[in-house]
Colleague: 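Encoded as structure tokens, here's the structure I'll be asking about.
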Amino acid sequence: MKFEIIPVTPFQQNCTLMWDEKTNKAAVVDPGADVDKIVKGLERHGLTLEKVLVTHGHLDHCGVAKTLADRYGVPIEGPHEADAYLLNDLATSQTRTWGLPPGVPFVPDRWLNQGDTVTVGGESLQVYHVPGHSPGHIAFFHPASRVAISGDVLFAGSVGRTDLPNGSMKALEKSIRTNMYSLPDDTQFIPGHGPVSTIGKEKKHNPYVPEKR
Ligand SMILES: [Zn+2]
Ligand SMILES: [Zn+2]
């Protein structure tokens, strides 16, 4: 599996293009905005979009999920159903919260839960439910390449904000310790914003959620 980050929105959100090199079937994770940039990424590598994946319901992560899915006639999978209220608000209150152009509200074709599997071509990713930043936040892990997509849960040297409505630092800490830190230390993770890091590095050096306390 190959991964490529396409930064979108003024927040430089890490939209991720991933594809199975054997079939050239691809998924786009967290298309927040900038559809044309994402389409160019697909075309540059000669990929067939198979599905759109969403980590959580914030506008900078899924503002154009429906636009992209409709354009290619593909399904949307994720987030967890607890973020349904955020997906409903993509064109209204979230526009004010984030100061971004309105997104397109949607109901995904499949809600995702802890332990679910998502496929891209012939490859599979594991799904983790990691609430705290938002209640329905999920993360993806591809064991074969040891790459995770952590959305706004865990960043290089930081963690997701928990001051938004329905945020919880207690829940976020639990999500990171029981799920993100259960991944192998050499797992590279792509966060929602900023540089890539590894699970091992964050366990040792993350100032907000150290491995033990
Ligand atoms: Zn977020
Ligand atoms: Zn974000």
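Along the sequence shown, the residues carry numbers beginning at 1. In each ligand, atom 1 is the first atom listed, and ligand 1 is the first ligand listed.
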Colleague: Show the numbers, then the answer: is there a ring-ring contact (aromatic ring centres under 6.0 Å, His included) between His58 and Trp98?
Modeller: CA-CA 9 Å; His58 286 152; Trp98 304 105; 5.0 Å; yes
Colleague: Quick check: does His137 have an N/O/S atom under 2.8 Å of the Zn ion (ligand 1)?
Modeller: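 Within the cut-off used here (under 2.8 Å), His137 places no N, O or S atom near the Zn ion (ligand 1).
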Colleague: Judged by modelled atom types alone, do Asp152 and His61 share a side-chain donor-acceptor pair under 3.5 Å?
Modeller: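 Yes, a side-chain donor-acceptor pair sits under 3.5 Å.
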Colleague: Which N/O/S atom belongs to His133 and is the closest one to the Zn ion (ligand 1)?
Modeller: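 This residue's closest N, O or S atom turns out to be NE2.
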Colleague: Pro135: which residues meet the side chain to side chain contact (heavy atoms under 4.5 Å, CB included) condition with it, sequence neighbours left out?
Modeller: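 Residues passing side chain to side chain contact (heavy atoms under 4.5 Å, CB included) with Pro135: Ala82, Asp83, Tyr85, Asn166.
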Colleague: State, without any angle test, whether Gln12 and His193 hold a side-chain donor-acceptor pair at a distance under 3.5 Å.
Modeller: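 Checked: Gln12/His193 side chains show no N/O donor-acceptor pair below 3.5 Å.
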Colleague: List nothing but the number: protein N/O/S atoms under 2.8 Å from the Zn ion (ligand 2).
Modeller: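 Protein heteroatoms (N, O, S) closer than 2.8 Å to the Zn ion (ligand 2) number 4.
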Colleague: Are side-chain N/O atoms of Asn179 and Ser182 paired as donor and acceptor at under 3.5 Å?
Modeller: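 No donor-acceptor contact under 3.5 Å links the two side chains.
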Colleague: Would you please say whether a donor-acceptor pair under 3.5 Å links the side chains of Gln188 and Thr198?
Modeller: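 No, no side-chain donor-acceptor contact under 3.5 Å.
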Colleague: Taking all non-hydrogen atoms of both residues into account, name the closest pair between Pro79 and Gly57 and its distance.
Modeller: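 Residues Pro79 and Gly57, closest heavy atoms: CG-N, 4.3 Å.
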